[in-house]
Amino acid sequence: MDWVILVVSGAMEAVWAQALDRSEGFSQPVPTVIFLIAVAASMFGLSHAVRTIPLGTAYAVWVAIGAALTVAWSVLTGAEPFSWAKLLLITGLIACVIGLKLVGEAY
């Protein structure tokens, strides 16, 4: 269950990053409220997950999910241009995080 919470928390990181962008320096009330709710949910989930998942692994998974989803959403919405290099690097990031999880289980 903690892994599910961690993945959802990583997804919430992407939500708060997008809301932060749209808040225009916290001058727009709706994106600012979405940011505050999403960042609180994301941090709460991460703090819950690290009770049973090693901090280094949990943080890497959380960041990788947030980064990958943030970039994917930005490309899909046209806010950022697509590039094969970007896809390759995000794929590499995800592969490294999967590797961390597998190495952690090998001990």
Side-chain angles (χ1 to χ4, degrees):
M1 184 65 176
D2 288 328
W3 281 101
V4 172
I5 291 170
L6 183 60
V7 169
V8 171
S9 295
M12 293 305 293
E13 183 188 5
V15 171
W16 70 250
Q18 292 295 327
L20 179 63
D21 180 52
R22 287 177 173 66
S23 75
E24 298 177 11
F26 301 121
S27 66
Q28 300 298 313
V30 173
T32 299
V33 169
I34 292 170
F35 166 81
L36 292 171
I37 292 168
V39 78
S42 182
M43 293 295 166
F44 177 79
L46 177 62
S47 71
H48 179 81
V50 298
R51 294 188 306 177
T52 60
I53 301 168
L55 175 62
T57 301
Y59 185 70
V61 168
W62 181 76
V63 168
I65 291 169
L69 290 176
T70 300
V71 171
W73 182 256
S74 295
V75 168
L76 288 172
T77 60
E80 289 185 30
F82 171 81
S83 76
W84 289 105
K86 200 176 287 189
L87 178 63
L88 178 67
L89 292 167
I90 291 296
T91 302
L93 176 66
I94 293 168
C96 288
V97 168
I98 291 169
L100 273 176
K101 181 175 180 341
L102 294 175
V103 167
E105 291 176 356
Y107 289 106

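FYI, the numbering just counts along the sequence from 1.
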Q: Determine the interplanar angle of the Phe44 and His48 rings, folded into 0 to 90°, and report it as parallel if under 30°, tilted if 30 to 60°, perpendicular if over 60°.
A: parallel

Q: Quick one: closest heavy-atom pair of Gly66 and Ala14, and the distance?
A: O-CB, 3.8 Å

Q: Report the residues that fulfil side-chain contact (heavy atoms from CB on, under 4.5 Å) with Ile34, sequence neighbours left out, ordered by chain and then residue number.
A: Val15, Ala19, Val30

Q: Treat each ILVMFWY residue as a node, draw an edge where side-chain heavy atoms are under 4.5 Å apart, and state whether Trp3 and Leu55 are in one component.
A: yes

Q) What about Phe82 and Leu89, same hydrophobic cluster or not, with Ile/Leu/Val/Met/Phe/Trp/Tyr joined at side-chain heavy-atom distances under 4.5 Å? A) no

Q. Mind checking whether Ile94 and Trp84 sit in one hydrophobic cluster, side chains of I, L, V, M, F, W, Y counted as touching below 4.5 Å?
A. yes

Q) If you measure from CE on Met1 to OG1 on Thr52, what distance do you get to the nearest 0.5 Å? A) 11.0 Å

Q | Candidate list Val8, Val7, Asp2, test side chain to side chain contact (heavy atoms under 4.5 Å, CB included), partner Ile5, passing option | A | Asp2

(Q) Tell me whether Thr77 contacts the main-chain N or O of Trp73 through its side chain, where contact means a donor paired with an acceptor under 3.5 Å. (A) yes

Q | Mutual orientation of the aromatic rings belonging to Phe35 and Phe26 [parallel < 30°, tilted 30-60°, perpendicular > 60°] | A | tilted

Q.
Give me the atom names and distance for the closest heavy-atom approach of Lys86 to Val71.
A. CD-CG1, 3.7 Å

Q: Compare every heavy atom of Trp62 with every heavy atom of Met43, then report the nearest pair and how far apart it is.
A: CE-CH2, 3.7 Å

Q) Do the non-hydrogen side-chain atoms of Gln18 and Ser74 ever get within less than 4.5 Å of each other? A) yes

Q | For Ser23 against Thr32, the heavy-atom pair lying closest together | A | CB-OG1, 3.6 Å

Q: Indicate the atoms forming the closest heavy-atom contact of Val97 with Ala64, along with that distance.
A: CG2-CB, 3.3 Å

(Q) Measuring from atom CG of Leu93 to atom CD1 of Ile65, what distance do you get when rounded to the nearest 0.5 angstrom? (A) 10.0 Å

Q) Who else is in Ile37's hydrophobic cluster (ILVMFWY, side-chain heavy atoms under 4.5 Å, direct or via others)? A) Val33

Q: Could you pull out the closest heavy-atom pair between Met12 and Ala41, with the gap in Å?
A: CE-CB, 4.2 Å

